[in-house]
Amino acid sequence: MRLLSPSLLPSAAALALLMAAQAKHVYEYWDIGYLTTNRGIPNLESKKAIGVNNHFPLPVVRADKGDTLVLNVHNSLDVGTSLHAHGLFQRGTNYYDGVPMTTACPIAPGTNFTYYIPLDQAGTYWIHGHSKEQNFDGLRTPLIINEPEDPYNKIDEEFLFTVEDWWPITFEQSMDIIAAPHGLEYIFGKLPGALINGYDGALANPLAFQPGKTYRIRLINMASMPEAEFVIDDHDLQIIEVDGVSTKPKTVKVVRLAPGQRLSVLVKAKPSSNLNYNYHITIMGDYLPSVPGIFPITHTSPIIYNNKSTEFAPTAMPLASEPFDDINIESLEYLPALIADRSLFLNLTSGFTENEYSHRESINFKVYRDPIVPTMFTALTTPDSMAINPITYGPQTSAHVLKYDEVIEVLLWSPTERPHPIHLHGHVFQVIERGSVKDKTGEARKTVPQHIAGYSPLMRDTVMVDVGGYVVIRFKADNPGVWNLHCHFDWHMGQGMNMLFVEAPKQMKEILKVPEQIVEQCRRQGIPVEGNVVGRTTYNYDGAPDLPHLHPTSPFV
Ligand SMILES: *[C@@H]1O[C@H](CO)[C@@H](O)[C@H](O)[C@H]1NC(C)=O
Ligand SMILES: *[C@@H]1O[C@H](CO)[C@@H](O)[C@H](O)[C@H]1NC(C)=O
Ligand SMILES: *[C@@H]1O[C@H](CO)[C@@H](O)[C@H](O)[C@H]1NC(C)=O
Ligand SMILES: [Cu+2]
C-alpha cells in the first residue's frame, strides 16, 4: 500500500476535489456459465457448478469509494441469473439490487446485462447470485471498497480471507432432498468441503508478518450454511469494521461470522520474534451435525515471522470460540439508539405444507412466493392509494409498506430449532437487543447500554438469530425502494424465509429512473412491468401465487 507522508497530505478540500476527479469506472466482464468441478477437494464428487469466465475462483472485485462498478454480464446458463452486491445501499438504483421479481427481472439465458453500481460506501462486501440461490453453486466473490481517507489505510498490509462451504450436489438437487421428510438428515450424510479464498481450506496460504507492523485482515463468510471463526495464536484481534460499518476498536481473541457477515480486524505484530505462529479458521455451527474429521473442521496455516526458524508458538487448546457480541460493540459514527415509530413482529417459523407434506421455512407462517409483476414495478406503476396497500403486492410476498423516514423496529423471533442469519437489503440496522424466546425472568436479555450517553449501537446488515433466540433491530426508512429481508442460509431462503419492505412508494416514483435495459429484460421474457401483483390496475389479485400454505397443525420444528 502506498502511503503519503503527512506533510504531503493535501487539505481536506483539495482532497475532496482530487477524489471527485479520480472517481472512476471499474469494469468487469463476467460470462456466467456451468463448470463441472469438486473445487479440488479430495474425495468429493464433482457437480455442475456456476462459475465466471469458465473459471474458479471468481474474480475479486476491488475499487475505491466513489467509483462506479460497471459489471457486464453474459448469461451462458440455461436459466435466468442475477447478481446482488451484498451490503450496498443502492440509493436511487434499487433496480440494480439484483433480486429477480423484486427489483428487476432475471437476466435471460443467452443475453447480456450491465449493472452500473455506485460504490458510495467503503468496506468489505461481496457479490453473489440471487436467482435460485446460485451462490450455493459457486456464484459468489468479494467486493472490497477502499476508502482513500480511511485512517486504517496507515496499516502496513492487508489480507483477505473468504470462507465457503462446497457441497457435492447442486442447489436444485439439495432443495428436492430437504423438502422431503428426513431430508435434512439424509443431506447431512453428504457434508460439504470447506473453501478458503476459493481453494481447499487445507491449502490456506501462510502469511508473512514483520515485527512491529500492523495488518488489516478482512473476513467474509460467503457460505450457505456454516459459521466461521478466526483466531491467531497469542495475538489479539482488534475489530474495526463490521459489515462495511466502521466500529470503535474492540479487542477480542476470536471472531465468529454467520453466512453473509463480514469483518475487519487489525492485528499488531509482535515487537520482535524469532518464533512463528499459526492462524486457525474453523468452519462450524452447532446447528449442523458433527462428523469427526469432516465437520466442524479447523484449517491451520502458519504466520511466518522468521523463515529460518521452524519453531512455533504453541497453540492453546481448545481454540478460543465464542458467539459474536454485537451488543457491546459500537459504531464509530455517532448515532444513538433510534426511537422506533412502530414495531414489527417477525416469527421465523417452519413447518410442513398442507398439500404435499413438504418442508418449508416461513415468516409469520407465510412462505414467500414471487409475484407475477416484479414488486418494484408494482410500486412504481400503481396509484399512490394502491401502492401503500400491502395486498397490492400479493398475498405471499409478505410486503410491508414503510413511510418515508419512519423508524422501524423489528423483533426477529426464532422459536424453532433453527438459527437464522437475517439479512436486510438497502440498509444497515442497529442491533438493539438479544435474548431467548423462553426467557421468563429477563436473565438472558442483553440490551445496548442506553444509559451510557452517546452510546452508538452497532449497525450491520446481517444478524444471527440463534436457536430459540430473538434479536431486536431498528432502521430508518430513508432509502425509497423495495428491499428484501431474508434468511441467508440458502436453503431457508429457497424454502420461503423471505419478505419485502416496500419503502416510501411515493418517493420511489420521484427518485427511481428505471433504465431501458431493465424493462427490456422483462419484455424479452414476457414478464409484465405494470400493475399489481398480477398486472391489474384494480384490487383484483386473483391468480396471484398463494401456495403452499403451512399445515395448521404442522409440527413446527
Ligand atoms: C456480453 O458480455 C460479455 C461478458 O461480460 C462481454 O465479453 C461481451 O462483450 C458482451 N457483449 C455485448 C454485445 O455487450
Ligand atoms: C525470508 O525472510 C526474509 C526477511 O524477512 C525475506 O527477505 C526473504 O525473502 C524470505 N525468504 C523466503 C523464502 O520467504
Ligand atoms: C411463533 O411460531 C411458533 C411456531 O414455531 C408458535 O408456536 C408461536 O405461537 C408463534 N408466536 C406468535 C406470537 O405467533
Ligand atoms: Cu434461516
Side-chain angles (χ1 to χ4, degrees), residues 30 32-62 83-84 86 124-129 133-144 159-171 173-174 187-188 190-207 217-231 255-263 278-285 288-291 293-302 421 462 488-491:
W30 288 13
I32 299 177
Y34 297 115
L35 209 58
T36 298
T37 174
N38 69 352
R39 303 293 298 271
I41 299 167
N43 305 320
L44 204 73
E45 285 163 52
S46 288
K47 73 161 169 185
K48 189 164 122 185
I50 300 179
V52 163
N53 300 336
N54 214 21
H55 191 75
F56 278 114
L58 269 53
V60 172
V61 182
R62 289 180 187 274
L83 293 169
H84 168 61
H86 181 124
T124 309
Y125 303 90
W126 59 303
I127 296 174
H128 65 79
E133 286 59 71
Q134 287 170 349
N135 46 313
F136 183 96
D137 291 322
L139 192 52
R140 48 195 177 191
T141 196
L143 165 61
I144 308 299
F159 301 106
L160 169 67
F161 288 110
T162 66
V163 171
E164 295 168 76
D165 47 349
W166 190 259
W167 298 76
I169 45 177
T170 65
F171 182 71
Q173 290 165 334
S174 69
I187 212 154
F188 287 148
K190 292 191 171 292
L191 273 167
L195 301 173
I196 294 175
N197 288 342
Y199 296 96
D200 177 12
L203 307 175
N205 279 333
L207 305 182
I217 299 181
R218 297 182 192 259
L219 300 156
I220 309 179
N221 186 347
M222 310 198 298
S224 298
M225 284 301 287
E227 295 179 284
E229 280 190 341
F230 179 76
V231 186
V255 286
R256 185 186 295 181
L257 298 93
Q261 295 184 332
R262 296 90 59 209
L263 282 172
N278 280 308
Y279 73 86
H280 312 274
I281 295 178
T282 303
I283 320 287
M284 39 113 39
L288 292 169
S290 145
V291 180
I294 296 182
F295 193 88
I297 190 157
T298 298
H299 288 302
T300 293
S301 189
T462 308
H488 224 290
F489 288 155
D490 291 335
W491 290 334

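The closest side-chain heavy-atom distance from Y125 to H86 is not below 4.5 Å. Side-chain atoms of P57 and Y199, non-hydrogen and from C-beta on, do get closer than 4.5 Å to each other. Between Y279 and I217, the closest side-chain pair of non-hydrogen atoms is not below 4.5 Å. In this structure the side chain of L257 never reaches within 4.5 angstrom of the side chain of F161, judged on heavy atoms. Looking at heavy atoms from C-beta onward, S224 lies out of side-chain contact with P259 at the 4.5 angstrom threshold. The shortest side-chain heavy-atom distance between Y34 and I50 falls under the 4.5 Å cut-off. V52 is listed as a side-chain neighbour of L139, based on a closest heavy-atom distance under 4.5 Å.
In this structure, T462 contributes its side chain and Q261 its backbone to no donor-acceptor pair below 3.5 Å. The backbone N or O of W167 sits less than 3.5 Å from a side-chain atom of K47, completing a donor-acceptor pair. E227 places no side-chain N or O within donor-acceptor distance of the main-chain N or O of G285, the cut-off being under 3.5 Å. Judged by distance alone, with hydrogens and angles left aside, the side-chain atoms of N221 form a donor-acceptor pair with the main-chain N or O of A223 at under 3.5 Å. Checked by atom type and distance alone, the side chain of N205 never pairs as donor or acceptor with a backbone atom of S301 at under 3.5 Å. No donor-acceptor distance shorter than 3.5 angstrom exists from the side chain of D200 to the backbone of L203, with no hydrogens or angles considered. Counting only distance, with no hydrogens or angles, the side chain of N38 and the backbone of P168 share no donor-acceptor pair below 3.5 Å.
Salt-bridge check for R39 with D165: failed, with every basic side-chain N at 4.0 Å or more from each acidic carboxylate O.
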Report the C-alpha separation of T124 and L219 in whole Å, then their side-chain angles, then the decisive distance to 0.1 Å, and conclude whether the side chain to side chain contact (heavy atoms under 4.5 Å, CB included) test is met. CA-CA 8 Å; T124 309; L219 300 156; over 6 Å; no
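Closest approach of I127 and V61 over heavy atoms only: CD1-CG2, 4.1 Å. Among all heavy-atom pairs drawn from G193 and L44, the shortest one is N-CD2, 4.3 Å. Scanning all heavy atoms of the two residues, the minimum distance from H299 to A194 falls at NE2-CB, 4.0 Å. For the residue pair G129 and N135, the shortest heavy atom distance occurs at O-OD1, 3.2 Å. Heavy-atom minimum distance, F136 versus S174: CZ-OG, 4.0 Å. The heavy-atom pair separating M225 from F489 by the smallest distance is O-CE2, 2.9 Å.
The CD1 atom of I169 lies 14.5 Å from the NZ atom of K48; values are rounded to the nearest 0.5 Å. How far CZ of F159 is from CG of L207: 5.0 Å, rounded to the nearest 0.5 Å. Atom CH2 of residue W126 and atom CZ of residue R140 lie 7.0 Å apart, to the nearest 0.5 angstrom. Atom CG in L83 sits 5.5 Å away from atom CH2 in W30 (nearest 0.5 Å). With values rounded to the nearest 0.5 angstrom, T170 atom OG1 is found 11.0 Å from Q134 atom CD.
Ring planes of H128 and H488: perpendicular class, angle over 60° (limits at 30 and 60°).
Residues forming a side chain to side chain contact (heavy atoms under 4.5 Å, CB included) with P142 (at least two apart in sequence, or on another chain): V60, I144, L160, T162, I220, M222. For T298, the side chain to side chain contact (heavy atoms under 4.5 Å, CB included) partners are H280, T282, T300, L319, not counting sequence neighbours.
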